[in-house]
Amino acid sequence: MIYIQLFFSFLKIGLFSVGGGYAAIPLIQSEIVNGHGWLSMQEFTNLITISSMTPGPVAINSATFVGLRIAGLPGAVTATLGSIFPAVILVSLLSLIYRKYKGTTAIDTVLGCLRPAVVALITAAGLSLIQTALWGEFPVSLSSVDWINALLFLGAFFILRKWKWNPILVMCLCGAGGLISFLAGKFF
């Protein structure tokens, strides 16, 4: 039963984590810490640190570590296979589609829209890790969401689309606003 849980948990992480390992950190946290309780938030922070220092993608290193910790070597193999299976299938299909339609306006638009979302996911993961390192764990709910910063992000996204600003610049501005808002909420 644990092998099935490991496989499908990391299959979900592999399937829905768009943008690489650091963008997958919130989803990994949701599955490992919040969903199954396999690790505490402090252990998860240590896991991400170790996964970042070792060679290979963060999601795969995390899958291997959690699988090994939960169910030994067979668990590590099961979790790792679950993590890479969707990527192998999706990348194969996407490469066929990209080769056929590269250079079209539709493909360029889709790729342009994904960039800010990936930067936002990486920023959220980094802020979550910084928060845990500096202030420890505390429960998060919808009432604690910074709705003003979320609306700023959406506004920046539409500005990016309309005036074709550099997406990295826009996301850095949103991240700076989010950090200021976060610190203001902590100290005032």
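Screening V66, N61, L68, I60 for a side chain to side chain contact (heavy atoms under 4.5 Å, CB included) with T80, the sole residue that qualifies is I60.
Atom CD in E43 sits 10.5 Å away from atom CD1 in I50 (nearest 0.5 Å). Between atom CD of residue Q5 and atom CZ of residue F10 there is a gap of 11.5 Å, rounded to the nearest 0.5 Å. To the nearest 0.5 angstrom, M41 atom CE is 11.0 Å from I32 atom CD1. Taking CG from L47 and CZ from F65, the interatomic distance works out to 6.0 Å, rounded to the nearest 0.5 Å. Here CZ of F7 is found 8.5 Å from OG1 of T78. Values are rounded to the nearest 0.5 Å.
Here the closest non-hydrogen pair linking S62 and S51 is OG-OG, 3.4 Å. Between A63 and S83 the shortest heavy-atom distance is CB-CB, 3.9 Å. Closest approach of K12 and L27 over heavy atoms only: O-CD2, 3.8 Å.
Side-chain contact between I48 and Q29: absent, with no pair of heavy atoms (C-beta onward) separated by less than 4.5 Å.
Around atom CD1 of I4, no more than 12 heavy atoms belonging to other residues, nucleotides or ligands sit under 6.0 Å away.
By the rule that hydrophobic residues join a cluster once side-chain heavy atoms approach within less than 4.5 Å of another member, I13 and V77 end up as members of separate clusters. When the side chains of ILVMFWY residues are joined at heavy-atom separations under 4.5 Å, either directly or via intervening members, L11 and I89 end up in a single hydrophobic cluster. In the hydrophobic clustering of this structure, L15 groups with I25; members are Ile, Leu, Val, Met, Phe, Trp, Tyr whose side-chain heavy atoms approach within less than 4.5 Å, directly or through other members. Cluster membership for F85 and I28, using ILVMFWY side-chain heavy atoms within less than 4.5 angstrom, is not shared. Hydrophobic cluster membership is shared by L6 and V58, with clusters built from Ile, Leu, Val, Met, Phe, Trp and Tyr side chains linked at under 4.5 angstrom.
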*Would you sort out whether N46 and Q42 count as a side-chain contact (heavy atoms from CB on, under 4.5 Å), showing the intermediate values?*
CA-CA 6 Å; N46 293 339; Q42 185 63 41; 3.8 Å; yes
*Are I2 and W38 close enough, and set up right, to give a side-chain contact (heavy atoms from CB on, under 4.5 Å), and what steps lead you there?*
CA-CA 11 Å; I2 191 68; W38 289 330; 4.1 Å; yes
*Could you give me the CA-CA distance, side-chain angles and deciding distance for V33 and S40, then say whether side-chain contact (heavy atoms from CB on, under 4.5 Å) is met?*
CA-CA 6 Å; V33 177; S40 70; over 6 Å; no
*Given the rule in the side-chain contact (heavy atoms from CB on, under 4.5 Å) test, do H36 and I70 qualify, once you have shown the distances and angles that lead to the verdict?*
CA-CA 11 Å; H36 295 287; I70 300 302; over 6 Å; no
